[in-house]
Asker: 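Before anything else, here's the structure in question.
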Amino acid sequence: MGDILTNKFLQKAAFDAKSVNGALLKLGIRPVDLTDDVMVAAYILDPGRTNYPIDFLAQAYLDTDIARSIPDGIDEAAFRTAELADITARVAPVLREKLRSNDQERVYAEIELPTIDVLAEMELVGMKVDGDALIRFAADIKQQLEALSDRLFAIAGREFNIGSPKQVGEVFAELNIETGKKTATGQISTSHDVLVELAQTYEIAQLIIDYREMDKLRATYAEALPKLIRDDGRIHGCLNQTVAATGRLSSTDPNLQNIPVRTTLGQEIRRSFIPEKGNKLISADYSQLELRILAHITQDAVMTNAFRDGEDIHANTARLVFGATDEKDLKEKRRLAKIVNFGIAYAVEAFGLSTRVGISRAEARKVIDDYFATYKGIRKYMDDIPQQAKRDGFVKSLFGRRRYFPSINDRNFTVRARQEREAINMPIQGTASDIVKIAMINVDKALRNEKLETKMIMQVHDELLFEAPVNEIEQASAIIKREMETAAKLDVPLIVEVGVGDNWMDAK
DNA sequence: CCTGACTCGC
DNA sequence: ATGCGAGTCAGGT
């Protein structure tokens, strides 16, 4: 069996090769020369679907159905396995032809197929987590939550479930606290933004903010993660390749792409991600990856030159768009510029910007107009892409990844506007995904060529995380930085910042 | 078991 | 009424 699977002269098609290869890797077999993964191929053809079951592939690409009943005397599992193999082998060439006619052979063969084995290996290696530290943290935070509950009940004049937005709204009504903001279903909104506003006047609002943060850390991280640590002291999560419509990876069981980093308390969680004895963690982050891609795609001269000159892009925006002059002025305006720069990639409109920055709609309108007056190429892109999506039905990344927009001509403004924003964002986020996947493939190959023990253990969209023996740190860091920065050749430089530490927090 | 509200990340 | 995800809890089926 191993001989067949590693024979380079045989063509092999699989359905969900990561699962198959993951099982083989555990047996010490490293399969080579995989010709097709029909699940991944179907994802590239239409990444907007939620799943790609074999019955869908049979129906959509072979115009056949899977068997509705199993013949007498045949084991059901065995029958379905054989059927899966049969459909996989028959659908593979059909998908390949569609990819070829879409000009998507390279994104498939040079990006997605090689990514499969890298992900299988990462899942197998896993991440070491200090479970005892998390359990201590959970116990500590639980005490603080109880103290907070007592104070909240005293202010409310009664007990209530602080974790229930409905009940929090009821308590606010009883205390005559209101903002008038409602949720989509007509409930009183107790969202973070609303609470921050109320916290100016009411202590209870700040206490609920604090309670929510701590309870989130307790339930989602401090208590959940230790249960997932296996006998090897590591968490082996799942990296999904066929979920995100833009080409990004996603992470489940657990989600290791949303480990806290922002707040001091949350950073305690991140510190529990550690290397094996004699190793360190290396974190490598792309600096401003999406904005650099935006500059490249739009060919905007001002933004492109700013990146070429190695400028601080947010400070640059603060000076050019908001007219910041002295240092004091710059600090505040840079903060604003940063929010606008991020918002632009998401096609923010005046209304959204005004609520986020806390300015009037007219002021937000002016900010956006000034922004487009400075970055003229970006305005043109924002106008052109929705038209392209309307004309072709899809837009694509720099490497040919596509996303379709079936409702971009919808008569409903909200539906149509949403698809326009998605279309504007996709080439940016999609190209970033392409580049990071190429980097993963190249770094993995380079580490292997150099016979290093350093292992890639996580990807968080624009960051790659590695575990490295201490004696390899320097060499591995140099390889990682080099391969990531040269993963794509754009009209602006790609810059990667590398950090080393004894936990994930200190490596950043 | 599903949906909505909320919060974590990029 | 800024893009892409995942998990938890409450509350209802």
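Chain naming here is simple, since letters A, B, ... match the order of the sequence lines and numbering starts at 1 in each.
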Asker: Going by side chain to side chain contact (heavy atoms under 4.5 Å, CB included), name the residues that satisfy it together with A315(A), two or more places apart in sequence or in a different chain.
Answerer: D312(A), R319(A), L330(A), R334(A)
Asker: Checking contacts here: which listed nucleotide (dG9(B), dG7(C), dT8(C)) is nearest the side-chain heavy atoms of R262(A)?
Answerer: dG9(B)
Asker: Check if the side chain of R248(A) and the base of dC10(B) share a donor-acceptor pair of N or O atoms closer than 3.5 Å.
Answerer: yes
Asker: Test of understanding: with side chain to side chain donor-acceptor pair (under 3.5 Å), list the residues that count as partners of D130(A), not counting sequence neighbours.
Answerer: none
Asker: Under 4.0 Å, counting only non-hydrogen atoms across every strand here, what does D285(A) touch: a base, just sugar-phosphate, or nothing?
Answerer: nothing
Asker: When we call it a touch if two heavy atoms are under 4.0 Å apart, what does D215(A) touch: a base, just sugar-phosphate, or nothing?
Answerer: nothing
Asker: Please enumerate all residues that pass ring-ring contact (aromatic ring centres under 6.0 Å, His included) together with F342(A), with sequence neighbours excluded.
Answerer: H314(A)
Asker: Quick one, which residues of residues 456-465 of chain A touch DNA chain B with a heavy atom under 4.0 Å?
Answerer: V460(A), H461(A), D462(A)
Asker: Looking at side-chain heavy atoms only, is the closest gap between W504(A) and V460(A) below 4.5 Å?
Answerer: yes
Asker: Between R218(A) and D215(A), does any NZ, NE, NH1 or NH2 come within less than 4.0 Å of an OD or OE carboxylate oxygen?
Answerer: yes
Asker: Kindly compute the distance separating CD1 (I235(A)) from CE (M458(A)), expressed to the nearest 0.5 Å.
Answerer: 9.5 Å
Asker: Please name all residues satisfying side chain to side chain donor-acceptor pair (under 3.5 Å) with D392(A), sequence neighbours left out, ordered by chain then number.
Answerer: none
Asker: I want to check one thing: is the phosphate of dA10(C), taken as OP1 and OP2, less than 4.0 Å away from some side-chain N or O of N161(A)?
Answerer: yes
Asker: Using a 4.0 Å heavy-atom cut-off to protein, can you give one letter per nucleotide of nucleotides 2-7 of chain B, 5' to 3': B if the base is in contact, S if only the sugar-phosphate is, - if neither?
Answerer: --SSSB
Asker: In chain order, what residues pass the side chain to side chain contact (heavy atoms under 4.5 Å, CB included) check against K396(A), with sequence neighbours excluded?
Answerer: F394(A), R402(A)
Asker: Indicate yes or no: does E213(A) engage K216(A) in a salt bridge with an N to O separation below 4.0 Å.
Answerer: no
Asker: Among dC8(B), dC4(C), dA6(C), which nucleotide has an atom closest to any side-chain atom of Y221(A)?
Answerer: dC8(B)
Asker: Sequence neighbours left out, what pairs pass salt bridge (Lys or Arg N to Asp or Glu O under 4.0 Å) with at least one residue falling in residues 140-155 of chain A?
Answerer: R151(A)-E203(A)
Asker: Return the set of residues passing side chain to side chain donor-acceptor pair (under 3.5 Å) with K366(A) (not counting sequence neighbours), or none when no residue passes.
Answerer: D370(A)
Asker: Assign A345(A) to base, sugar-phosphate, or nothing according to its heavy-atom contacts below 4.0 angstrom with the strands shown.
Answerer: nothing
Asker: Considering residues at least two apart in sequence or located in another chain, which fulfil the side chain to side chain contact (heavy atoms under 4.5 Å, CB included) criterion with Q299(A)?
Answerer: H296(A), D491(A)
Asker: Mind checking whether Q288(A) and N341(A) have side chains closer than 4.5 Å, heavy atoms only?
Answerer: no
Asker: Nearest to the side chain of P260(A) - dG11(C), dG9(B), dG3(C)?
Answerer: dG9(B)
Asker: Would you jot down, in residue-number order, the residues of residues 398-429 of chain A having a non-hydrogen atom under 4.0 Å from DNA chain B?
Answerer: none
Asker: Under 4.0 Å, heavy atom to any atom of DNA chain C: which of residues 484-508 of chain A qualify?
Answerer: none
Asker: For a quick check of understanding: with a heavy-atom distance under 4.0 Å over all strands, which category does A432(A) fall into, base, sugar-phosphate or nothing?
Answerer: nothing
Asker: For dA6(C) and T252(A) - does any side-chain N or O of the residue sit under 4.0 Å from the phosphate oxygens OP1/OP2?
Answerer: no
